[in-house]
Amino acid sequence: MIDLLLTTERREKAAEVQNLRREQMSHRLVKDPARIKYGWGVQRELTATNQLQALQSSGASDPEREQQFREQLAEGLAAQGKFAEAVPLSLNEDRRSEYQAKADALQQPGRRCACPETIQQRQPGNAKALATPTQNPAEVVWTGSQTLTFLLCSQCGVFSLHVPPRQEGEHDGR
Amino acid sequence: MAPGSVNAMVTGEGLTRAFRGVSQLVAKIGSRVFFNVDQSYAGLGSAITNGFGSVFGVRQLLMAIGAGQVNFNGQILAGFIASSTISFVKKTAGIYDTSFIFQLGHAQPSAPQIFAKDAPSVGQRPMSAAVSLKIWRVDDFGIVSLASLVSNVLVLNGQSVILPFPALDANGQKRWGVAGTKLGLSDLGNHYELPVSIGGEVAETDLTTIDGHPRSIELTWTTEDLIGQRLAPDKAFPPAAGQFAGAYSDVLFLDADGIIYVSLPNEHGSFPPSQALFANEPAVAYVSAFGIRLRFGTHSLGVLIYVGGSPALEYQEIWTHLGIKFPQNVALGYKGRVLVWLGQPAVLDGTALEPDRTYATKVEPDFAGWDEQQTEDMPIVPGFDGRGQYEVWCLGNKVMAHYAPTGKWCSPIDLTGKVSGNIVSAPTVDRQLYICTSDGAALSLYEFDVGTGSVMIVQTSDIRPNGYEQKVNAILAQGTLDNTDHPVKLEMIKNNRSAAPVLIANDIRRTPLESGTQEFAVPNPNQFCISHALRLTMESAGGIELEGVRVDCAVELLETKGPPLNEVATR
């Protein structure tokens, strides 16, 4: 059958159909990394919830596995920007503190630390110093309705939230 | 064989033998849909919850997507439920370990915050330039995440870099990948993977507290170190939600409502949107045949072909007017051809793109009403018995078997009372056909044509010697028996009156009773009729070994004798 399919005519026709379909259907493709992460997070939340329910319905006692599913659930929520919901689910100290830091930033959008916006860094062999920003984009998250950019201060390590104005026509991602 | 025959199997030896029955595999769990994987079989679904999707193997990993409980080799994989993300378990010591169930892909990590170290440690090469870094997640299966956003820019003056890392994820991540810019290019240049020898891949055990920064490593590099290195992963998008997936050569594909995402070669967690293909409708089933992947929809058939390049797969439509309703409606048959229910039994044998729909013309009445009767809980299920070379078509408790080498159809096989519930799937494992049935509460698995026998009825076609009434003087009957327990009954159907056959003898076996081949003792019927047929009833024991030869209940010869054709009978 491969011989029947790999003729020049058929392949050209297939490529033509794909180009046409791409024009018609590419709007259904999610291309933005933040929105892809959001979709992955939704599925991860659903999968972890199903796994938890299946484990609880089975009646088997397996605290280690249950916690594993909770960590996965927390991860799925965090990928959707639901950091506050993720905090109580995780027992891993490092993950918890990261979720909490972002949850705190979400509570006070636009709040900045007291560090300067830029710092001057001495350049080797150059009398002129290089001005570098202190607030750098660390993570972009799509919540289903908004794009949130978390900034990380290179001086104090505090997360803050930069919320761009809502674009006209922007719709809920769910 | 004429209508009225039941449980009679055509063979390649000229015999018509009794169906051997079914044998339940009590220790095995059934599934709604099956897949051949890892030299055994896997399945999805339970009696209560339907299963659909895909289960496939990639090296030591068993991956699943869709819906339903995942089973392997007739056993439940506890806690492994298929969902719309590709999940997988790893084989350890020959067993799939379900203590940790992973999802394919990793979330992009946050950008790191890097610091300068004034006194580089011994072995480090002090740097004097503006630099920045990116990090990404790596697991033991070679699956990586998208690289993070860029770190803060650090201008170094004879210093090294301290790179702290966030926590590992909860999805099997074991290491971190690190990429840096060529010296002086900081956030303006591309980020290249640092060689592993200088910290390009970092394990948890490599992390320490440096200058008060926990979970850190110390790094230095030169521009020359980055020559020939790959860019930080910028296409490692995690997979979208979908319904079907599979492995094909060195890529994975994922089917999400008609959009087919193709992974990067050898990068199984990387599904860049730019590599998507588009089908005209959602899929119902995927089948691997003829070295390609067949994609059946409700009204279409398309194929995925490995062509290399970017994307590595090509999608072609074969037809857009026919399709299947349920994933069980398609299976592989004799010599790898594809059996597919298209309103009737049809075959794709790889020599043409259109199906052969004349395959079952001779037995069309036996399939009457099947299309209307099938449901999700009672689908039409084709299958293949590799040992007997029978292509079977199942609905409810009825099985139609086709002896593939000669193209002849057997009589209908009736499994009523022999199986619990309706047939829902029929996988072939190591050439043996299994039948899986569901009674709504449990799935049961049976070996096909392996059991304690059945009651076979062979009815010959109607003979109308010369259009006038004739006298049937004698009947010759020869066959084989696999037991001495059950009589062999012979009846004659005169003038098409099937409902009122004439009993010739309740038992035509010779005495002393014995198994094996024998000429039956048939009393002279002396019946007058215009047309006649014979009906032989035998009950088998499922076959026996006799002097090293397998013997079943079978009919070799059924012949009637009468006066010359030009003679009119006189009573």
Side-chain angles (χ1 to χ4, degrees), chain A residues 1-2 4-6 10-11 13-15 17-18 21-22 24-25 28-31 33 36-37 39-44 46-47 50-51 54-55 58 60 64-65 68 71-72 74-75 78-79 90 92 94-95 98 121-125 130 132-134 136-140 150 152-154 157, chain B residues 78-79 81 83-85 87 99-101 103 105 107-111 113-114 128-130 146 148-158 166-167 169-171 186 215 237-241 258-259 273-274 276-278 280 289-292 303 305 307 314-317 348 350-353:
Chain A
M1 192 181 252
I2 286 187
L4 297 171
L5 296 168
L6 291 179
R10 283 200 67 89
R11 294 199 68 192
K13 177 72 182 164
V17 168
Q18 282 302 303
R21 290 240 174 92
R22 188 173 294 275
Q24 293 168 344
M25 295 165 71
R28 288 174 55 193
L29 275 180
V30 179
K31 296 164 197 156
I36 290 173
K37 184 163 78 174
W40 186 82
V42 167
Q43 296 307 316
R44 193 150 169 73
L46 188 63
T47 302
N50 287 342
Q51 302 280 13
L55 181 64
S58 73
E64 196 182 320
R65 199 169 187 181
Q68 180 198 108
E71 295 287 348
Q72 292 177 359
E75 214 163 72
S90 178
N92 180 290
D94 293 318
R95 283 190 216 120
E98 191 173 329
Q121 296 194 62
R122 184 175 63 85
Q123 295 188 86
L130 182 67
T132 55
T134 57
N136 298 286
E139 187 174 346
V140 180
F150 288 90
L152 182 61
C153 178
S154 64
Chain B
I81 315 285
S83 68
S84 51
T85 37
S87 304
S99 62
F100 202 105
I101 298 168
Q103 275 82 57
Q108 183 185 33
S110 299
Q113 182 186 7
I114 60 177
S128 297
L146 266 178
S148 68
L149 297 180
V150 183
S151 71
N152 52 304
V153 171
L154 213 55
V155 181
L156 301 170
N157 290 274
D169 72 11
N171 195 30
S186 65
R215 294 182 55 78
F237 294 89
I259 299 180
S274 59
L277 302 168
F278 300 89
N280 63 328
F290 317 123
I292 57 177
V303 295
I305 313 166
V307 293
E314 179 179 291
Y315 180 74
Q316 286 190 24
E317 272 167 9
L348 261 177
T351 61
L353 297 179

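Naming: A, B, ... by sequence-line order, numbering from 1 per chain.
- Proximity to chain B (any heavy atom under 4.5 Å) is shown, for A:Asp94, by both the backbone and the side chain.
- Expressed to the nearest 0.5 Å, how far CD of A:Gln18 lies from OH of B:Tyr315 amounts to 8.5 Å.
- Without hydrogens or angle criteria, A:Arg22 side chain to B:Ala276 main chain gives a donor-acceptor distance under 3.5 Å.
- In this structure a side-chain-to-backbone donor-acceptor pair under 3.5 Å is present from A:Arg10 to B:Glu317.
- Of the listed residues B:Val155, B:Asn152, B:Leu146, B:Leu154, the one with more heavy-atom pairs under 4.5 angstrom with chain A than any other is B:Val155.
- Among all heavy-atom pairs drawn from A:Trp40 and B:Pro238, the shortest one is CD1-CB, 3.3 Å.
- Contact check for A:Leu46 versus B:Ser83: no side-chain heavy atoms found under the 4.5 Å cut-off.
- For the atom pair B:Gln108 CD and A:Ile36 CD1, the distance stands at 10.0 Å (nearest 0.5 Å).
- Judged by distance alone, with hydrogens and angles left aside, the side-chain atoms of A:Gln72 form a donor-acceptor pair with the main-chain N or O of B:Ile101 at under 3.5 Å.
- Within a 6.0 Å sphere centred on CD of A:Gln24, heavy atoms belonging to other residues, nucleotides or ligands number more than 12.
- Only the side chain of A:Thr132 has a heavy atom closer than 4.5 Å to any heavy atom of chain B.
- The closest donor-acceptor contact from the side chain of A:Gln43 to the backbone of B:Thr85 lies at 3.5 Å or more, if one exists at all.
- Although no hydrogens or angles enter the test, the distance criterion places a donor-acceptor pair under 3.5 Å between the side chain of B:Gln113 and the main chain of A:Cys153.
- A donor-acceptor pair under 3.5 Å is formed between the side chain of A:Glu75 and the backbone N or O of B:Ala170.
- Note on B:Leu353, B:Ile305, B:Leu156: by heavy-atom pairs under 4.5 Å with chain A, the leading option is B:Leu353.
- Counting heavy-atom pairs under 4.5 Å between each of A:Arg28, A:Lys31, A:Glu64 and chain B puts A:Arg28 at the top.
- At a 4.5 Å heavy-atom cutoff, B:Ala289 makes no contact with chain A through either its backbone or its side chain.
- Counting heavy-atom pairs closer than 4.5 Å to chain A, the top-ranked of the candidates B:Gly350, B:Ser110, B:Ala352 is B:Ser110.
- B:Ser84 touches chain A through backbone and side chain together, each having a heavy atom under 4.5 Å away.
- Across all their heavy atoms, A:Thr47 and B:Ser87 have their closest contact at CG2-OG, 4.1 Å.
- A:Glu98 and B:Ala167 get closest at one heavy-atom pair: OE1-N, 4.3 Å.
- The contact between A:Arg65 and chain B is made entirely by side chain atoms (from C-beta outward), counting heavy-atom distances below 4.5 Å.
- Contacts of B:Leu277 with chain A are made by both backbone and side-chain atoms, with heavy-atom separations under 4.5 Å.
- Between A:Arg21 and B:Asn280, the closest side-chain pair of non-hydrogen atoms falls below 4.5 Å.
- With a threshold of 4.5 angstrom between heavy atoms, B:Ser128 approaches chain A through its backbone and through its side chain.
- Between chain B and the residues A:Gln123, A:Lys13, A:Gln51, the most heavy-atom pairs under 4.5 angstrom are made by A:Gln51.
- Looking at A:Leu5, both its backbone and its side chain come within 4.5 Å of chain B, counting heavy atoms on both sides.
- Using a 4.5 Å heavy-atom threshold, the side chains of B:Ile292 and A:Ile2 count as touching.
- Highest contact tally toward chain A, considering only B:Ser274, B:Ser148, B:Ala111, is held by B:Ala111 [criterion: heavy-atom pairs under 4.5 Å].
- With contacts defined as side-chain heavy-atom distances shorter than 4.5 Å, the pair B:Pro273/A:Val30 does not qualify.
- In this structure the side chain of B:Leu149 never reaches within 4.5 angstrom of the side chain of A:Glu139, judged on heavy atoms.
- Atom CZ of A:Arg122 has 12 or fewer heavy atoms from other residues, nucleotides or ligands within 6.0 Å.
- Using a 4.5 Å cut-off between heavy atoms, A:Ala54 contacts chain B through its side chain alone, with no backbone atom that close.
- Pairing each heavy atom of B:Ala107 with each of A:Lys37, the nearest pair is CB-CD, 4.3 Å.
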